Amino acid sequence: MSISLTRYLVEQQRAKGRIPSELRLLLEVVARACKSISHAVNKGALGSELGDVMGSAGSENVQGEVQKKLDIIANDVLIEANEWGGHLAAMASEEMDSIHVVPNRYPQGEYLLMFDPLDGSSNIDVNVSIGTIFSVLKKVDPNKGVSEDDFMQPGTAQVAAGYCVYGPQTTLVLTVGDGVAMFTLDREQGSFVLTQENVRIPADTKEFAINMSNMRHWDEPVKRYIDECLLGEEGPRGKNFNMRWIASMVADVHRILTRGGVFMYPWDKREPGKAGKLRLMYEANPMSWLVEQAGGASTNGQQRILDIQPTQLHQRVSVILGSKNEVERVTSYHTKA
Ligand code: AHG
Ligand code: MN
Ligand code: MN
């Protein structure tokens, strides 16, 4: 018998008291939004009721990155789906300059939703997997109005996190702090069906993911780790490594949750003042929690990502995540350096 996302959430609420009904509503609404984004992604150049997803939107986001049409469509879908339910106080997105407070005409809830509406923008036009990443926090003081300060909570404070990958299958991956579950979209039924529970990342791996074209800009510890992997059986690691780089974090992390591996987007010397490329709130925190919940690890080379106290909404961070023993090794190369 198949278990729908709705049933999974109800059972988590009933048996474990983990998901208050407002949070359950929030997660169902996010899943519904992902379903519409998935539909638009599938239609591609044919265009859906949401429009043609291909190509540039001709604008830039607050971080100076070119926005694709689908970045904006996905952002609008998530805002519209979530604004009226009464479960949220505010939302923050990679594609918006500042937070979006739930308008006065709707009741305000106590949750805060953060998202990267479309991860892997460079892959939209070439028909390679992309996704949506989300993270949920609770407002610190339920009696006070919401502001950007409410979002400045470390990843350890997340109450739910996940992503939806739009690939050969559309898969929603979720944690509410009780392990990681995966749901596959059944298009005939129109619902997400539980296809894997208790996802575990093996502690050891022979696969790494990093953008090798940046090698000359890397810091010594990262260079050392990759050099040792490349030496294979003849080198200090005594085994051959394989490499993958999809350029959609969502797809690279999905592979790691499925068969292990280590993913790195480290700080490098191109722009020394920039902590890294990936964003703490929309990418690193939700992915780090999922990885830890599956038995893996995640650091910025110096400390656990989930312990970082954010100071800015669009803050960037260096990321090393995946199979525990490999992440610990790369981190130890940093701390020894
Ligand atoms: P986004 O499309 O949301 O801006 O994120 C892209 C990120 C991440 O998904 C991916 O791992 C990385 O950027 C790819 O970067 P490079 O193009 O430098 O390889
Ligand atoms: Mn992204
Ligand atoms: Mn994005």
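These numbers come from the heavy atoms of this one structure, side chains and all, not from hydrogens, waters or symmetry mates. All ligand and atom numbering here is 1-based and tracks the order in the structure. No experiment lies behind these values; they were computed from the predicted model shown. Here, residue 1 is the first one in the sequence, and each next residue gets the next number.
The distance from the CG atom of Leu194 to the CE atom of Met1 is 10.0 Å, given to the nearest 0.5 Å.
Against a heavy-atom cut-off of under 4.0 Å, Met249 is close to the following atoms of ligand 1: 8 (C), 9 (O), 10 (C), 11 (O). Near Glu283, meaning under 4.0 Å from one of its heavy atoms, ligand 1 places the atoms 3 (O), 5 (O). Shown in contact with Ser248 at under 4.0 Å from a heavy atom are these atoms of ligand 1, numbered in order with element: 9 (O). Applying the 4.0 Å criterion to heavy atoms of Asp116 picks out, from ligand 1, the atoms 3 (O). For ligand 1, the atoms closer than 4.0 angstrom to any heavy atom of Arg279 are 1 (P), 3 (O), 4 (O), 5 (O). Each of the following atoms of ligand 1 lies closer than 4.0 Å to a heavy atom of Leu278: 7 (C), 8 (C). Short contacts between ligand 1 and Ser121, defined as distances under 4.0 Å to a heavy atom of the residue, involve ligand atoms 2 (O). Residue Trp245 has at least one heavy-atom neighbour below 4.0 Å for each of these atoms of ligand 1: 11 (O), 14 (C), 19 (O).
Panel note: side chain Glu207, backbone Arg244; no donor-acceptor pair is recorded below 3.5 Å. Side-chain atoms of Ser248 do not come within 3.5 Å of backbone N or O of Val250 as any donor-acceptor pair.
Summary of contacts: the protein heavy atom closest to atom 19 (O) of ligand 1 is Asn211 ND2, 2.8 Å. For atom 13 (O) of ligand 1, the nearest protein heavy atom (residue, atom name, distance) is Lys277 NZ, 3.2 Å. Among protein heavy atoms, the minimum distance from atom 18 (O) of ligand 1 is reached at Tyr265 OH, 2.6 Å.
Residue-to-ligand polar distances place Glu94 within reach of ligand 1: an N/O pair is separated by less than 3.5 Å. Of the N or O atoms in Phe263, none lie within a sub-3.5 Å distance of an N or O in ligand 1.
Looking at Asp119 against ligand 1, both its backbone and its side chain come within 4.0 Å, counting heavy atoms.
Ring geometry for His314 against Tyr282 counts as tilted: the plane angle lies between 30° and 60°, on a 0 to 90° scale. The aromatic rings of Phe208 and Phe241 lie tilted to each other, with the angle between the two planes from 30° to 60°.
For a distance bound of 2.8 Å, the N, O or S atoms of Glu95 include none lying that close to the Mn ion (ligand 3). Backbone or side-chain N, O or S atoms of Glu94 do not reach the Mn ion (ligand 2) at under 2.8 Å. Taking backbone and side-chain atoms together, Pro117 has no N/O/S atom less than 2.8 Å away from the Mn ion (ligand 3).
Classification of Glu220 and Arg224 as a salt-bridged pair fails, no side-chain N sitting under 4.0 Å from a carboxylate O. Classification of Glu11 and Arg7 as a salt-bridged pair holds, one side-chain N sitting under 4.0 Å from a carboxylate O. One finds no salt bridge joining Lys139 and Glu22 here, because no Lys/Arg side-chain nitrogen approaches an Asp/Glu carboxylate oxygen to under 4.0 Å. Under 4.0 Å is where a charged nitrogen must lie from a carboxylate oxygen, and between Lys277 and Glu283 no such pair does. Ionic pairing of Asp71 and Lys68 is not present here: no N-O contact between side-chain nitrogen and carboxylate oxygen is shorter than 4.0 angstrom.
Tyr111 and Met96 end up in the same hydrophobic cluster when Ile, Leu, Val, Met, Phe, Trp and Tyr side chains are linked at under 4.5 Å. If you chain together hydrophobic residues whose side chains sit under 4.5 Å apart, Tyr265 and Val128 never meet in one group.
Residue-ligand proximity: Asp71 is placed with every non-hydrogen atom at 4.0 Å or more from ligand 1.
Atom OD1 is the N, O or S atom of Asp116 at the shortest distance from the Mn ion (ligand 3).
At the Mn ion (ligand 2), the vertex angle linking OE2 of Glu283 with OD1 of Asp119 is 110° (nearest 10 degrees).
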